[in-house]
K.L.:
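Structure below; questions to follow.
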Protein chains: 2
Amino acid sequence: MSAPTTPVRQASVRAHNLALVLHTVANSADHPSRAAIAAATGLTRATVSALVDDLIAGGLLTEIDPPPRTGAGRPAAGLALTSAGPAGLGLEINVDYLAACVVDLTGAVRQRFVEHDDQRPAGAARSLTALGALAARARLAAEADGLTVTGAALAVPGLVADGGLIRVAPNLGWQDVDAPALLRGVPELADLPVTVDNEANLAALGELRVTGGDPTFLYVSGEIGIGAGLVLDGDLYRGVRGWSGEIGHLTVFPDGRLCRCGANGCLEQYAGQEFLAGDEPLAARALGIALSAVVNLLDVPVIVLGGAYAPYFGRLRGGIEAELDRRVLTAGLAPVTLRAATLGADAAMRGAADTVIRAVRDDPASWLRRAG
Amino acid sequence: MSAPTTPVRQASVRAHNLALVLHTVANSADHPSRAAIAAATGLTRATVSALVDDLIAGGLLTEIDPPPRTGAGRPAAGLALTSAGPAGLGLEINVDYLAACVVDLTGAVRQRFVEHDDQRPAGAARSLTALGALAARARLAAEADGLTVTGAALAVPGLVADGGLIRVAPNLGWQDVDAPALLRGVPELADLPVTVDNEANLAALGELRVTGGDPTFLYVSGEIGIGAGLVLDGDLYRGVRGWSGEIGHLTVFPDGRLCRCGANGCLEQYAGQEFLAGDEPLAARALGIALSAVVNLLDVPVIVLGGAYAPYFGRLRGGIEAELDRRVLTAGLAPVTLRAATLGADAAMRGAADTVIRAVRDDPASWLRRAG
DNA sequence: GTCAAATAATTCAACCAATAAACAAATCCA
DNA sequence: TGGATTTGTTTATTGGTTGAATTATTTGAC
């Protein structure tokens, strides 16, 4: 019933309006004044002033000294997100690399460490220890730079259950790995809250931040496996158990090739990385069939091809669009936009860092309580 | 960014908490006291008292006279939703019948009119005029009974655009029909806000109310066409343009039978009502393939089979579950529950009425303003 | 160069809603 | 009959927004 379940008190009003002001600054193209924020949000100037004072005192906003000039009247003081303040640690573990980055409140990447190395022989414990070391370096460098890392998120190519337990990551050969526990074993990270999520989910969030445009889209990540991240109205849809987006195992040819999952005709067997290069037309057709299922089911107006698909985009596009045109019931009423991803291999790691930042942006009040 | 966009003031706090109290009463198995509501919501007894007073004054709650007895102490006054108060008018137009019902705040069906008649030769204008007459009778009967009909919702087997425009209803032979405008032509309905939605979407909401259990499920309605309503976390997911749930045109056999939509191998060509009776095993297989796509994509834990599927449930179940087991990647981690719908042919009409009631339940403050 | 107009931001009293604590009401149990 | 107990109401307090008045700082006109 979408039942409201928590009471609201005055403090919640303030928390909401703090987030509202912070979002207004974040989504603004220029550096808005307090008055501009008041006009944009519908709050009074008095209220905005009070809220901005809190946000400045808490180190989330700063006044930009040379304010943007206009006509007559007292000049406005421009406001901007601070680049010294809370930051998110984004981590990624994949078949052939480990990566860590720190992103500040403005979305800028402040630290970035990548270690190319085949992780399959290492095993979960060694991989995560190595990642922990990388993460520790990133964190220390960021904090030396005046940032406060408030949390970490880890992207993995696999199924993640509640609590960050990695149920299975087939291409790494992992099963039932408690990644947060292993990362907490690294002293420099022990105090950080760590979340774990599917690589495609986080990559979708990474794309969301940079595209800025459509808040509803499907991000398809073609690696050895094929995953997808579904962003509905600006929020990642993870599914009830967190297992949404397993587009690689959508059936495209019911009696087709046997997949390692045990079923026949999974998309992965036609458009996975290893099949992609040899036969783009078939891959495009299979992708087109699977993607039309998504559009018919969810009415998603935009599809972003990422991971290994991005470099093949030009060769895949025509074949995919042909299937979409034929198979999407509403294709005649409104077209489906097909785009290549823009972030490349960093998407998941940046999306991971972004989840941490997003938590601060969505609930600045709790950061302010913490900052004193 | 799921950006908050509206300011919050004290009045919003009250509006939220009014909805919170109303929901608590609605979702309660018994008739809770003010103190019980306070305990359940986290509000103080004083606040709950004040809110309840408003809700009683506005005619949404009533005190139940013989209160449920407990041990010691002053006896509690039980609270319940009123059965005299706001009500929703649910309308449905389908190939072979017109229907109208009125549902009160408690969810009880207070009026129900069904007119069996083939609508295909009539055309949109005549069908909607006839439905308007039926709706007018239902409304008058309900208001004679002390109810206030606050709005209407219409279920149609077709694609609906913003504003209630029916883009296409293939089985009725309709195209670009402005249903709200035609209904407003009926004098007894002219003042009612009317929304229009897809039949499967509203049937899903109808099932949601009666099942009460899982707030995330897919409702599949097998009629001549096959539609689906997707309920995510208690809310209907309509898609960006309102065209979600077109599961009938999911591709199950890419080179299979030609569908009237122009594509090959749509589910509808294997599991539509006219194909269903002859060959249940194939229908079950096709449904299983399509439904595993849904589960792989969305991690939906429950699927409800309605419409023409409900009577075939026993014969379809095994075949569908076999495909789900084989094709859903996470089938080994957690099973998918398959259920038959419980509401029968009334589901869409009741779901429609429920959307109206739901609006009052979710925002009682605006009803109170109106009620004075 | 001074003053009016304009715009930005702050101050302050008023209001509204929730809270906490005290109080009143109505029952049970000894 | 009286204490214990639970419900519901009353009252003072707190916190946050509003709106109007005030202060601050610039442009432009004379």
Side-chain angles (χ1 to χ4, degrees), chain A residues 4 6-21 24-25 30-57 61-79 364-365 368-369, chain B residues 4 6-21 24-25 30-57 61-79 364-365 368-369:
Chain A
T6 40
V8 167
R9 47 202 96 244
Q10 285 100 319
S12 331
V13 172
R14 183 134 260 239
H16 176 101
N17 287 338
L18 282 167
L20 178 59
V21 168
T24 304
V25 176
D30 54 354
H31 300 300
S33 64
R34 292 165 174 81
I37 295 171
T41 57
L43 294 165
T44 61
R45 292 202 307 265
T47 304
V48 171
S49 273
L51 293 167
V52 164
D53 283 352
D54 275 12
L55 291 170
I56 290 177
L61 290 183
T62 38
E63 287 197 338
I64 294 290
D65 215 38
R69 283 314 199 65
T70 112
R74 170 174 169 174
L79 295 167
L368 297 186
R369 273 195 299 277
Chain B
T6 40
V8 167
R9 48 202 92 245
Q10 285 99 320
S12 330
V13 172
R14 184 132 258 241
H16 177 101
N17 286 337
L18 282 167
L20 178 60
V21 168
T24 305
V25 176
D30 54 353
H31 301 300
S33 65
R34 293 166 174 78
I37 295 170
T41 57
L43 295 164
T44 62
R45 293 201 310 267
T47 304
V48 170
S49 271
L51 294 167
V52 164
D53 284 352
D54 276 12
L55 291 170
I56 289 177
L61 290 182
T62 38
E63 286 197 338
I64 293 292
D65 215 36
R69 284 315 197 65
T70 112
R74 170 174 168 175
L79 295 167
L368 296 185
R369 272 194 300 278

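Below, chains carry the letters A, B, ... as their sequence lines are ordered, and counting in each starts from 1. No hydrogens, no waters, no symmetry mates; every other heavy atom, side chains included, goes into these values.
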K.L.:
Kindly indicate whether the side chain of A:I56, heavy atoms from C-beta on, has any atom under 4.5 Å from the side chain of A:T62.
P.N.:
no
K.L.:
Can you give one letter per nucleotide of nucleotides 16-24 of chain D, 5' to 3': B if a protein heavy atom sits under 4.0 Å from the base, S if only from the sugar-phosphate, - if neither?
P.N.:
BSBB----B
K.L.:
Quick one: are A:R34 and A:E63 in side-chain contact, heavy atoms under 4.5 Å?
P.N.:
yes
K.L.:
With heavy-atom distances below 4.5 Å as the criterion, would you say the side chains of B:L79 and B:S33 are in contact?
P.N.:
no
K.L.:
I want to check one thing: is the phosphate of C:dT7, taken as OP1 and OP2, less than 4.0 Å away from some side-chain N or O of A:S33?
P.N.:
no
K.L.:
The helix from C:dG1-D:dC30 to C:dC23-D:dG8: angle between its terminal axes, five pairs each, to 10°?
P.N.:
10°
K.L.:
Do B:L20 and A:P7 touch side chain to side chain, with heavy atoms closer than 4.5 Å?
P.N.:
yes
K.L.:
Send over the distance from A:L61 CG to C:dA9 P, rounded to a whole Å.
P.N.:
13 Å
K.L.:
Is there side-chain contact between A:L55 and A:P364, with heavy atoms separated by less than 4.5 Å?
P.N.:
yes
K.L.:
In terms of side-chain heavy atoms of B:P75, which of C:dA9, D:dT7, C:dA26 is nearest?
P.N.:
C:dA26
K.L.:
Taking A:D54 for its side chain and A:L368 for its backbone only, find out whether a donor-acceptor pair lies under 3.5 Å.
P.N.:
no
K.L.:
So which nucleotide from C:dA9, C:dA26, D:dT5 ends up closest to the side chain of B:A72?
P.N.:
D:dT5
K.L.:
Tell me which donor-acceptor pairs under 3.5 Å the side chains of residues 37-51 of chain B have, and how far apart each pair is, sequence neighbours excluded?
P.N.:
unit_1, atom_1, unit_2, atom_2, d
B:T41, OG1, B:I37, O, 2.8
B:T41, OG1, B:L43, N, 3.2
B:T44, OG1, B:T47, N, 3.2
B:T44, OG1, B:T47, OG1, 2.8
B:S49, OG, B:R45, O, 3.4

K.L.:
Rounded to whole Å, please give me the gap between CD in B:E63 and C1' in C:dA25.
P.N.:
14 Å
K.L.:
How close or far is atom C1' of C:dA17 from atom CG of B:D53, stated in whole angstroms?
P.N.:
14 Å
K.L.:
May I ask you to say what B:S49 touches in the nucleic acid, namely base, sugar-phosphate or nothing, with a heavy-atom cut-off under 4.0 Å?
P.N.:
base
K.L.:
Could you state the CD1-P distance from B:I37 to D:dT9, rounded to the nearest angstrom?
P.N.:
12 Å
K.L.:
Using modelled atom types only, decide if a donor and an acceptor are shared between the side chain of B:H16 and the backbone of A:T6 within a distance under 3.5 Å.
P.N.:
yes
K.L.:
Using whole Å, report how far NE2 of B:H31 lies from C1' of D:dT7.
P.N.:
18 Å
